[in-house]
Amino acid sequence: MEVNLKAPLMLARMALDGMRERKSGALVFISSRAGVVTLAGPSSYCVSKTALLRAVACLQRELDTEFEGSSGIHAYALHPGGVKTDMTFSHMHPDVEKMQRGYTEMIRTAYDNFVDTPELCAWTCVYLATGRAAQLRGRYLDVEENIEDLVRQADIIQKENMYDLTVGRLGGEGPYAPNR
C-alpha cells in the first residue's frame, strides 16, 4: 500500500498545487491489470492496485467538482502492459498451486506471451498528457488497447460507465449511482 497507493497519491498532491493554479495538467498513475482481476496469491498487490484505480476516479471527480467540470486537470490509471520483469514471479506465494491449481502455469504462459515494451507505455503517457484523451479522465486504461480508438468511442465509454470499477446489481445501480 505504501508504494502502490500512498506514494503516488502523495506525489500527486504535491503536483496538484501548480496544476490548480494553471487549471491544467495531467496525472498518469501507473496501475496494473491486477487491479481489475481476482487472483490467488498476489492479493496484497491486487488490492493496492484496485485502491489506486478507485483513488484516481475519486480524485478526478473531486477535481471536476472543484472546478465545475472545467479544471483542465485530468487523471488516469494506466496499465503499462505485459513487460517481462522479475516481479512477475517474485510475488507468487509458495503455496499458490494449492490455492489455485494451474495458476503457476497460467502465469508462466502469460509471461511467455508478453510482447509490450516500456516505450509503448511511455508513448501512451505522452498521449494522455497532451489532453487528447481528456474525455476518458478518471478511468483505467490499458496500453494494449488502441488509445485513439478509445477516444473516438469516449461517448459510449462514458454512457456505459466503462473502464471504471463498478459493481453490477440486480435491478439496476441503486441509490449510490455515480451520477445521482
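Remember, predicted model here, so these are calculated numbers, not experimental data.
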Looking just at side-chain N and O atoms, do Asp64 and Gln60 make a donor-acceptor pair shorter than 3.5 Å? yes

I'd like to know if the side chain of Arg20 and the backbone of Asp17 have a donor-acceptor N/O pair within less than 3.5 Å. no

Pairwise distance CD1(Ile73) to CD(Glu62) - rounded to 0.5 angstrom: 11.5 Å

Answer yes or no: is there a donor N or O on one side and an acceptor on the other, between the side chain of Tyr76 and the main chain of Ala133, under 3.5 Å? yes

Hey, are the side chains of Leu78 and Cys125 touching, using non-hydrogen atoms and a 4.5 Å cut-off? yes

Going only through I, L, V, M, F, W and Y residues with side-chain contacts under 4.5 Å, is there a path from Tyr45 to Met1? no

First locate atom CE of Met19, then atom CE of Met14, and finally report the distance between them rounded to the nearest 0.5 Å. 11.5 Å

Does some side-chain heavy atom of Arg139 sit less than 4.5 Å from a side-chain heavy atom of Met162? no

Distance-only, no hydrogens or angles: does the Arg22 side chain make a donor-acceptor pair with backbone N or O of Gly18 under 3.5 Å? yes

Kindly work out whether a path of hydrophobic side-chain contacts (I/L/V/M/F/W/Y, heavy atoms less than 4.5 Å apart) joins Tyr127 to Val28. yes

Lys23 side, atom NZ; Glu66 side, atom CD - distance, nearest 0.5 Å: 9.5 Å

Heavy-atom closest pair, residues Tyr140 and Ser32: CE1-O, 3.8 Å

Verdict with supporting geometry, Arg54 and Asp164, salt bridge (Lys or Arg N to Asp or Glu O under 4.0 Å): CA-CA 8 Å; Arg54 179 51 60 215; Asp164 188 23; 3.4 Å; yes

Is there side-chain contact between Leu150 and Glu145, with at least one heavy-atom pair below 4.5 Å? yes

Check: Arg33 and Glu144 side chains under 4.5 Å, non-hydrogen atoms: yes

For Leu136 versus Ala154, what's the shortest heavy-atom pair and its separation? CD2-CB, 4.0 Å

Quick one, Val47 and Asn4 - any side-chain contact, counting heavy atoms below 4.5 Å? no

Passes side chain to side chain contact (heavy atoms under 4.5 Å, CB included), Leu128 versus Leu141? Steps please. CA-CA 10 Å; Leu128 294 172; Leu141 303 172; 3.7 Å; yes

Whether the side chain of Lys49 engages the backbone of Ile30 through a donor-acceptor N/O pair (distance < 3.5 Å, no angle test) should be reported. yes

How far does OG1 of Thr50 sit from CG of Leu5, to the nearest 0.5 angstrom? 10.5 Å

Is the side chain of Thr109 donor-acceptor paired with the backbone N or O of Glu105 at a distance under 3.5 Å, no angle test? yes

Judged by modelled atom types alone, do Gln158 and Tyr163 share a side-chain donor-acceptor pair under 3.5 Å? no

Search all heavy atoms of Ala15 against all heavy atoms of Leu27 and return the closest pair with its distance. CB-CD2, 4.3 Å

Evaluate the side-chain proximity of Phe29 to Leu53: yes if any heavy-atom separation is below 4.5 Å, no if none is. no

Does Leu16 reach the side chain of Leu59, with side-chain heavy atoms less than 4.5 Å apart? yes

From Gln153 CD over to Glu148 CD, what is the distance, rounded to the nearest 0.5 angstrom? 12.5 Å

Compare all side-chain heavy atoms of Val151 with those of Gln135 and state whether any distance is below 4.5 angstrom. yes

Atom pair NE2/OG of His79 and Ser31 - distance to nearest 0.5 Å: 9.0 Å

Report yes or no: does Thr117 contribute a side-chain atom to a donor-acceptor pair with the main-chain N or O of Leu120 at less than 3.5 Å? yes

